[in-house]
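Okay, structure first, notes after.
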Amino acid sequence: MWPEVLPTFALARPSTVDEAVDLLSDDHVPYCGGTELLLAMRAGLLRPEALVDLKRVDGLGGVATAEGRVTIGAVSTHAEIATDTTIRGSLPLVAEVERGVGNARVRAQGSIGGNLCFAEPKSDVTTVLVALGASVSLRSPTGEREVTVEDFLAGAYWTVREPDELLVGVHVPVHRDRRGVYLRYQTMERPTANVALLAEPAGQVRLVVGAVGEVPVARSYQDLDDVDADDVARSVDPIPDLTGSIEYKRHITAVYVRRAVDRLRAVLGTKTQP
Amino acid sequence: MTTMHTERTVDVNVNGAHHTRTVPVRQTLAAFLRDDLGLTGTKLSCGFQVCGVCTVLVDGRPVSACTYLAVDADASTVTTVEGLAEGERLHPLQEAFVDGFALQCGFCTPGFLMMAKALLDSCPDPSREQVVEHLEGNICRCTGYEPIVDAVLAAARSARGAEAVGE
């Protein structure tokens, strides 16, 4: 019956980051929106002894700007980030991507920290954050370290976060003259393939392909003309599943890389006009 | 030291009525509403936040009650489909769903109504595209989506009309 579906666990509600970090262990896991954790628990994939609820912890929410980068608190929901005025002004691509995550209920509940820590391969958020060169701050009982999102994501549903570490914030560098596009192909709740493509004012290009493989894959080019969609499609390592075979996902990757190049070219063209 | 609890007391306002109950922390909001409060208008289907059938509003935000802990609704206001009508008077969304034949078996309807209410509460004059986008996380397996989208737009029009005549 429904009340019995979630396994038994205990709930802790710390009010400070230090208290929360002290509680974390292999069996005591961070809990926020529950949009992925509770589903995994219901499916019997995870069975933690305790959930450490972060929603009442001071200082884990909000958006702040300092030293050329925007810091997003770990418990900020997708909906909050999508509508935040700082994000919309300084990181419009992040706002656009967050606006399309999952569905309106997931956006109202799910947090950016949870999204990153769960390391779902089919994530919109990780692809754009890797493209933007974002990093995360991890707090442990012995201190704090910063890791790029690219290095943070170690594999499917696997990050370099230690069990006693808490992701407290996401830092995204702001470059006002950078232009970027994000495209995805999606038939169900999550993207089959997604592509983020950014152009620096000096002409360099950063391409990230996500959702097809275990983790987003980043590449850099000197010029937009150097992007070879077929080469990118050959280099990704797709996971075959109900959304398609390896061959199909390589095909989709090439199509969406080509479309991203065209879209970015159009964006840049518009920008250079007087 | 922060203590661990396997049960907690929740103090929650559901459709205008206050309830204080002690519940297991693993109890979902859907189970709390249906089994503890007898509010069976909220239906359950996929159990994985995909279908939208169990949508209720917590402090105005749409959530999937199937995977939302009842203890997280503590000190909150919850609105379920039972909270839409005022006595015998249906909510404009319910009127529009009836008038527009926007339901067939009706199982997904409470979720669509609550999802639509969340949209109209923050955006009283949505475009068709906005309605479609907002409802894309709700699944109907019999009527099809066109009458539902039409009904939400009709409800928005009628609510604006009622406001204009000072009702």
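All values below come from the heavy atoms of this structure, side chains included, with hydrogens, waters and symmetry mates left out. Sequence lines set the chain letters: A, B, ... in the order given, protein chains first and strands last, and positions in each chain run from 1. Since we're looking at a predicted model, the values are computed, not measured.
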Looking at every heavy atom in both [X] and [Y], which two are closest together, and how far apart are they?
X	Y	result
A/Ala12	B/Met4	CB-SD, 3.6 Å
B/Thr67	A/Leu38	O-CD1, 3.2 Å
A/Asn103	B/Gln49	ND2-O, 3.1 Å
A/Ala104	B/Pro62	O-CG, 4.3 Å
B/Thr6	A/Phe9	CG2-O, 3.7 Å

With a 4.5 angstrom heavy-atom cut-off, which part of B/Val71 approaches chain A: side chain, backbone, both or neither?
->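 Both backbone and side chain.
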Under 6.0 Å from the CZ atom of A/Arg56, do we count more than 12 heavy atoms belonging to anything else shown?
->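 Atom CZ in A/Arg56 is crowded, with more than 12 foreign heavy atoms closer than 6.0 Å.
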Under 4.5 Å from a heavy atom of chain B, the part of A/Arg99 involved |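 Interface part for A/Arg99: side chain.
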Heavy-atom contact with chain B under 4.5 Å, split by part of A/Thr35 | both
When rounded to the nearest 0.5 angstrom, what distance separates CG in A/Asp53 from CZ in B/Arg8?
->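 Rounded to the nearest 0.5 Å, the CG-CZ separation comes to 8.5 Å.
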When rounded to the nearest 0.5 angstrom, what distance separates SG in B/Cys46 from CG in A/Leu39?
->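 One gets 8.0 Å once the value is rounded to the nearest 0.5 Å.
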Within residues 113-139 of chain B, the residues sitting under 4.5 Å from chain A by heavy atom, in sequence order, are B/Met115, B/Glu133, B/His134, B/Glu136, B/Gly137, B/Asn138
Is there side-chain contact between B/Val63 and A/Arg105, with at least one heavy-atom pair below 4.5 Å?
-> no
Heavy-atom side-chain contact between B/Asp72 and A/Tyr31 under 4.5 Å =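 Result yes, sub-4.5 Å side-chain heavy-atom pair found.
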Do any N or O atoms from the side chain of B/Arg26 and from the backbone of A/Pro7 form a donor-acceptor pair under 3.5 angstrom?
->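 Not a single qualifying donor-acceptor pair exists.
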Under the 3.5 angstrom rule, does the side chain of A/Arg42 hit a backbone N or O of B/Gly47 as a donor-acceptor pair?
->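 Looks like yes, one N/O pair under 3.5 Å.
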